[in-house]
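Okay, so here's the structure we're looking at.
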Amino acid sequence: MAERSTAAVDVADNSGDEPLTAEADQSTADGVANNRERDTDSDEVQGTPASEQAGKVSPPELHSGHKLARRYRLEECVTRLDGFSSWRAVDEKLRRAVGVHILPSDHPRARSVLAAARSSALLGDPRFVQVLDAVEDNDLVYVVHEWLPDATELTALLASGPLEVYDAYQMVSQVSSAMAAAHREGLAHLRLSPNAVLRTSSGQWRIRGLAVNAALRGISSTSPQRTDTEAIGALLYATITQRWPYESDAHGLAGLPKDIGLIPPDQVRAGVHRGLSELAMRALANDGATASRHEAPCTTPEELVKAIGEMPRIRPPEPSYAAPPDYQRTAYQQGAYGRTASRPGVTQPVSSPPPPLQSRTGKALKWSVSALLIAALGLGSWQLADALMERGGKSDDQNQTQTTDGDDDKSPKKPAAGQPVAISAARDFDPLGDGSEKPSDVGNVYDGSSGTYWQTDYYKSADFGRLKSGLGVVLDLGKVQQVGEVTVSFVGTTSVELRTAGGDTVEPQSLNAFTKAAEGSGTTVTLKPGEPVQARYLLVWLTQLPATDDGNFRGRVVDVKVTS
């Protein structure tokens, strides 16, 4: 078998629990079961009577090479703890590596493990490490799951430092949406930790141990959605700070300083993305104890998915290209071809080539080129002067006079078409509603950043819930200017109109004061009037809104650019 990949093993032990057998790290038939994975959180096993009975159950006497169902050949014991063991094995029928959890059939948690494994297998979501088989065979119960040789634990990724902003954003997005789907089917994890989250070579994030890990340890929760949401918040906190968001150290990460409580990630480490910092706090402090700048806490994975959707999308970093190596000339190009090889250890003097054009031939060539250039310049000047004199003579002979329109010099110059026109101010415009729509964010429409936007409130339909015909943003150009076109970028396909107001110094307050100049629909819409107009105030008027992930409708204006 290939070398063992710790990233693919699904381990279900707890920090601080001592193995119930001294054989946990002893050699098996194929070598030492080294580098055991350990969870370092402090989950408390629920159900004291079951735990006490579990301590009395001896783990099955298995060894490397043992076969289950004449199919699964055990290769290496990864964990032996609390009456069960976890193995790396080979499915000889399909010739692939798998992972196996094994416990005695009379183990107090055997039935719950079987039920959890079968429920997890029915989910069939590729974002989770799949359960392949769950069997009770004579005196053993075993669960077979996928083995991912190309995956890496989040624990290993964090060992070298915090993740990049885009990687942390992808992790929390994928894990949150996966757990939201699991909870919709009535399944919870309850043991989400950096050991349970894997990143594949393709960049996809996978979760292992759904329902099964908790069943193996006898863990339960009265609020499973809240438990998993807080665990996702802890994962995000760790990915952007490389610190565990509690006082105790865990998963190879240092905890927070004692007696200061939970502090935002951007106070732990400089340069942390503010949006991800606030998202982690909303998931962690879901009992309402959030800082004043944070929005409402997230208590379910669904709420966390919704909060992520409201964030400006974080784009992947631009690919970097390594500079090509310096060109190395061959021995022939360097003039070494045919020379007698020097003796080893003897340094040969290297004569530097003479400066260019310093030889006798080079000097002659230089003077010749200079003479030709001087002659060409003289001839060209003479021909130009002769042509001008000839043209002037013809003009005098024919008694022709040229007249110029004096008004041309006095007329103002129009701006060149296609030049950017600066936006000096903007405000939200909702004359058909309550008069206000997210005024604090309206400056984002002309800040030049693709990561910020101004957004509307939620509505129940694309036509503003039939409450009004539209709303928008008024742009102030500072003075009356020529407007050739306006380009508007949205999040989602949005219908929009461009309306203009004339040269009044007072900003219009009613929709009728603006004249419709153009309309369009899309994510990036170029609004071009039939002919350039002169205006100071422009109204970007939204008429149809795009749908959001939660079934509502909301408009988001990312950027507006005006050109003459």
Side-chain angles (χ1 to χ4, degrees), residues 1-14 24 28-39 59-60 62-103 107 109-110 113-114 116-121 123-137 140-156 189 191-201 204-217:
M1 287 300 298
E3 182 180 354
R4 169 175 173 263
S5 170
T6 59
V9 183
D10 188 0
V11 182
D13 58 339
N14 273 336
T28 57
D30 60 341
V32 178
N34 59 349
N35 194 20
R36 293 187 306 135
E37 293 173 307
R38 300 279 301 172
D39 287 345
L62 302 172
H63 54 81
S64 179
H66 183 92
K67 286 187 182 180
L68 300 174
R70 298 182 179 179
R71 174 176 179 176
Y72 303 111
R73 186 180 74 248
L74 304 182
E75 291 286 320
E76 180 183 8
C77 181
V78 179
T79 302
R80 193 188 302 271
L81 184 70
D82 204 13
F84 68 89
S85 58
S86 297
W87 293 75
R88 175 174 60 85
V90 175
D91 183 349
E92 293 187 334
K93 184 175 183 180
L94 297 180
R95 297 184 178 181
R96 62 179 179 181
V98 293
V100 184
H101 299 306
I102 306 173
L103 65 166
H107 195 287
R109 294 193 289 272
V113 169
L114 277 175
R118 289 165 180 170
S119 299
S120 178
L123 181 62
D125 192 318
R127 293 171 292 190
F128 295 93
V129 173
Q130 298 294 298
V131 172
L132 305 175
D133 207 352
V135 179
E136 181 177 5
D137 184 14
L140 292 179
V141 168
Y142 57 90
V143 176
V144 183
H145 60 84
E146 280 185 297
W147 184 277
L148 305 178
D150 66 334
T152 307
E153 287 182 0
L154 180 57
T155 307
H189 196 290
R191 284 183 57 78
L192 274 175
S193 69
N195 291 332
V197 178
L198 315 171
R199 187 175 69 181
T200 65
S201 58
Q204 181 187 9
W205 293 89
R206 305 277 301 269
I207 304 172
R208 66 185 177 195
L210 178 66
V212 176
N213 273 7
L216 283 167
R217 300 297 297 149

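- Using modelled atom types, no side-chain atom of Arg73 and backbone atom of Gly65 make a donor-acceptor pair closer than 3.5 Å.
- Among residues two or more places apart in sequence or in another chain, the side chain to side chain donor-acceptor pair (under 3.5 Å) test is passed with Tyr142 by none.
- Atom-to-atom distance recorded for Leu62:CG and Ile102:CD1 is 5.0 Å, nearest 0.5 angstrom.
- Rounding to the nearest 0.5 Å places CD of Glu76 at 5.0 Å from CZ of Arg88.
- Evaluation of the side chain to side chain donor-acceptor pair (under 3.5 Å) rule for Gln130 yields no partner, not counting sequence neighbours.
- Proximity of Glu136 to Leu114: side-chain heavy atoms (C-beta onward) are separated by under 4.5 Å at one or more points.
- Taken to the nearest 0.5 Å, the CZ atom of Arg208 stands 14.0 Å off from the CZ atom of Phe128.
- For Ala116, the side-chain contact (heavy atoms from CB on, under 4.5 Å) partners two or more places apart in sequence, or in a different chain, are Ala211, Ala215.
- Separating the CD1 atom in Ile207 from the CG atom in Asn213 is a distance of 11.5 Å, to the nearest 0.5 Å.
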Check the pair Leu132, Arg96 against side chain to side chain contact (heavy atoms under 4.5 Å, CB included), reporting the backbone distance first and the verdict last. CA-CA 12 Å; Leu132 305 175; Arg96 62 179 179 181; 3.4 Å; yes
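- Remark: Arg118 pairs with no residue by the salt bridge (Lys or Arg N to Asp or Glu O under 4.0 Å) rule, at least two apart or across chains.
- Considering every non-hydrogen atom in both Arg217 and Asp82, the closest pair reads NH1-OD2, 2.7 Å.
- You'll find the side chain of Leu123 reaches within 4.5 Å of the side chain of Leu210, heavy atoms only.
- Separating the CZ atom in Arg199 from the CG atom in Leu148 is a distance of 14.0 Å, to the nearest 0.5 Å.
- For the pair Leu216 and Arg109, the tightest heavy-atom approach, listed with the atom from each and the gap, is O-NE, 2.8 Å.
- Across all their heavy atoms, Ser86 and His101 have their closest contact at OG-ND1, 2.8 Å.
- Nearest heavy-atom pair, Leu74 versus Trp87, reported as atom, atom and distance to 0.1 Å: CB-CE3, 3.7 Å.
- Minimum interatomic distance between Leu198 and Ala151 (heavy atoms only, all atoms of both residues): CB-CB, 3.9 Å.
- Looking at every heavy atom in both residues, His145 comes nearest to Val100 through NE2-N, 3.9 Å.
- Between the Ser85 side chain and the Thr79 main chain, no donor and acceptor come within less than 3.5 Å of each other.
- Trp205 places a side-chain heavy atom less than 4.5 Å from the side chain of Leu154.
- For Thr155, the side chain to side chain donor-acceptor pair (under 3.5 Å) test picks out Asn195, with sequence neighbours left out.
- Two residues are said to be in side-chain contact when any heavy atoms from C-beta on lie closer than 4.5 Å; Gln204 and Arg127 meet this criterion.
- Judged as a side-chain contact (heavy atoms from CB on, under 4.5 Å), and not counting sequence neighbours, the contacts of Asp133 are Tyr72, Val135, Val144.
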